[in-house]
Amino acid sequence: MSAAVERATARHRYRIRFSKLGKIRFTSHRDVARLWERALRRATVPVAYSEGFSPHPKLSFGLALSTGHESLGEYLDVDVTESLGDPVDVGALITRLDPGLPIGLDVQAAAEIAPGTPSLQQSVVCCTWRIGIQGHGCRHLAERVDDVLRADAIVLTRERKGQQVIDDVRPAIVALDISGDAEVTADLATQPRGLRPSELVAALSRDTGDLEEDRVMRIHQWLSIDGAREQPLPLPLDATSAPHAEARAS
C-alpha cells in the first residue's frame, strides 16, 4: 500500500466539548446526535464512516443527558479521515460548525485524543449536578441534606430496564450540598450503578414525598485517573462567558 493511500485511510479521533443550554434542553439525546451529524456534514468535517451495508458516521457521545436537563459539559468523540490540525484551531472549528448547530448547542473546546482512549461511556465515573427542587419540603431542605449525608443506607425502589429493583443508593451520593434556597449541588456516581438527579430528590423526600425535581444542569463529568479526578476535556482559559466561566470555576 502506498504512503498516499495510507494517509488517506488513516484515522484521527477528536473529542469535542459542548454545552446544551436553554430551549434545546427539550431535545432528546438521539435528536442531538442527529443535529451533530448534520452540523459536521455541513461543516465538511471529514468524518469517518463504518463499513458494511449501512455505513454510519463514527461518532461516540458521552453519558446520555435526560431530555429537559441542561449541561455545561457534554462530550462527543469523532473519528475523521484527515487531521484537523495539531493542535486543533478551536476558533476555526467553531466558525465551521456554528451555522449548522441550533441555538443552545455551543462548542467549548476540542482536541485530538490518542488511539485506544477508553470511551466516555466506560470512563466517566461521576457527574456534578445542580438540581433545582420544588415542593412543600423545601423549607426543610438543609435538614433533608444532613439526613441523607448521615445515613448509612438509603433504600429506594427504582426502575431499571423496565424492572422495579430495590437498591441502596447511598454509595452513589459522593457529595451533596445546599447551593440555593431550593437548590442542591451533588456529585453522583455513574458506576457501577448510576444515580439520577430525580432519584436523589426521591431520596431527599423518601419519607414524605413532598419534593420534586425542578430545573437540572449537569456541570461536570469526571474521570478517575491514578486516583485523581479529571475532566475528559478541560475548558480553555479564554472560555469566559458566564456559564463557561462557572464550569471552569466549579
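What you are looking at is a predicted structure, and each value in this text was computed from that prediction instead of being measured.
Leu63 contributes atom CG, which lies 11.0 Å from atom CD of Gln122 (distance to the nearest 0.5 angstrom). Taken to the nearest 0.5 Å, the OG1 atom of Thr208 stands 9.0 Å off from the NE2 atom of His140. Distance check: Tyr14 OH to Leu233 CG gives 13.0 Å after rounding to the nearest 0.5 Å. Once rounded to the nearest 0.5 Å, the distance linking CZ of Arg25 with CD of Glu70 reads 5.0 Å. Note that the CG atom of Asp152 and the CZ atom of Arg150 stand 11.0 Å from one another [nearest 0.5 Å].
Checking Leu97, Leu101, Leu105, Ile94 one by one against Phe18, the side-chain contact (heavy atoms from CB on, under 4.5 Å) holds for a single residue, Leu105. Paired with Lys58 under the rule side-chain contact (heavy atoms from CB on, under 4.5 Å), one option of Thr81, Asp79, Val78, Asp77 passes, and it is Asp79.
Of all heavy-atom pairs between Leu211 and Gly137, the closest is CD2-C, 3.4 Å. Residues Ala110 and Leu93 come closest through the heavy atom pair CB-CD2, 3.8 Å. The shortest heavy-atom contact between Pro102 and Ile24 is CG-CD1, 3.7 Å. Closest of all the heavy-atom pairs between Ser123 and Pro118 is OG-O, 4.0 Å. Between Lys20 and Thr27, the shortest heavy-atom contact is NZ-O, 2.7 Å. Minimum heavy-atom separation, Glu159 to Gly162: OE2-CA, 3.8 Å.
Not a single donor-acceptor pair under 3.5 Å links the side chain of Glu212 to the backbone N or O of Gly135. Side chain of Arg144 to main chain of Leu141: no donor-acceptor pair is present (N/O by atom type, distance under 3.5 Å, no hydrogens or angles). Remark: the backbone N or O of Val124 is paired with a side-chain donor or acceptor of Gln191 at under 3.5 angstrom. In this structure, Arg170 contributes its side chain and Leu149 its backbone to a donor-acceptor pair below 3.5 Å.
Using a cutoff of 4.0 Å between basic side-chain nitrogens and carboxylate oxygens, Asp167 and Arg158 are scored as salt-bridged. Salt-bridge formation is detected for the pair Glu199/Arg196: a Lys NZ or Arg NE/NH1/NH2 atom is positioned less than 4.0 Å from an Asp or Glu carboxylate oxygen. In this structure, Arg218 pairs ionically with Glu74, as a charged nitrogen and a carboxylate oxygen lie closer than 4.0 Å.
Between Ser19 and Val107 there is no side-chain heavy-atom pair separated by less than 4.5 Å. A 4.5 Å side-chain heavy-atom check between Thr190 and Cys127 finds at least one atom pair inside the cut-off. His69 is listed as a side-chain neighbour of Pro197, based on a closest heavy-atom distance under 4.5 Å. Using a 4.5 Å heavy-atom cutoff, the side chains of Ile173 and Ile154 are in contact. Using a 4.5 Å heavy-atom cutoff, the side chains of Leu204 and Leu176 are in contact. You'll find the side chain of Pro57 stays beyond 4.5 Å of the side chain of Leu40, heavy atoms only.
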Determine, stepwise, if the pair Ile178 / Glu183 fulfils side-chain contact (heavy atoms from CB on, under 4.5 Å).
CA-CA 6 Å; Ile178 298 285; Glu183 182 182 272; over 6 Å; no
Hey, mind stepping through Leu200 and Val169 against side-chain contact (heavy atoms from CB on, under 4.5 Å) and telling me if it holds?
CA-CA 9 Å; Leu200 174 64; Val169 302; over 6 Å; no
Evaluation steps, side-chain contact (heavy atoms from CB on, under 4.5 Å), between Val148 and Arg206
CA-CA 10 Å; Val148 163; Arg206 62 192 185 281; 3.9 Å; yes
side-chain contact (heavy atoms from CB on, under 4.5 Å) for Asp187 and Arg229? Distances and angles first, verdict last.
CA-CA 12 Å; Asp187 287 356; Arg229 196 165 77 158; 2.7 Å; yes
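Cluster annotation: Tyr75 and Ile219 are assigned to distinct hydrophobic clusters (Ile/Leu/Val/Met/Phe/Trp/Tyr, side-chain heavy-atom contacts under 4.5 Å, transitive). Taking hydrophobic clusters as Ile, Leu, Val, Met, Phe, Trp and Tyr residues chained together by side-chain heavy-atom distances below 4.5 Å, Leu35 shares a cluster with Val47. Leu120 and Leu59 fall into different hydrophobic clusters, where Ile, Leu, Val, Met, Phe, Trp and Tyr residues are linked whenever their side-chain heavy atoms come under 4.5 Å apart, directly or through other members.
Within the hydrophobic cluster formed by Ile, Leu, Val, Met, Phe, Trp and Tyr side chains joined at under 4.5 Å, directly or through other members, Phe26 stands alone, with no partner residue.
His12 and Glu82 form no side-chain donor-acceptor contact under 3.5 Å, judged by distance and modelled atom types alone. A donor atom on one side chain and an acceptor atom on the other are not found under 3.5 Å apart for Trp129 and Thr185.
Scanning for ring pair (Phe, Tyr, Trp, His ring centres under 6.0 Å) contacts around His29 gives Phe61, with sequence neighbours left out.
Summarising the local packing, CD1 of Ile225 is surrounded by more than 12 heavy atoms from other residues, nucleotides or ligands at distances under 6.0 Å.
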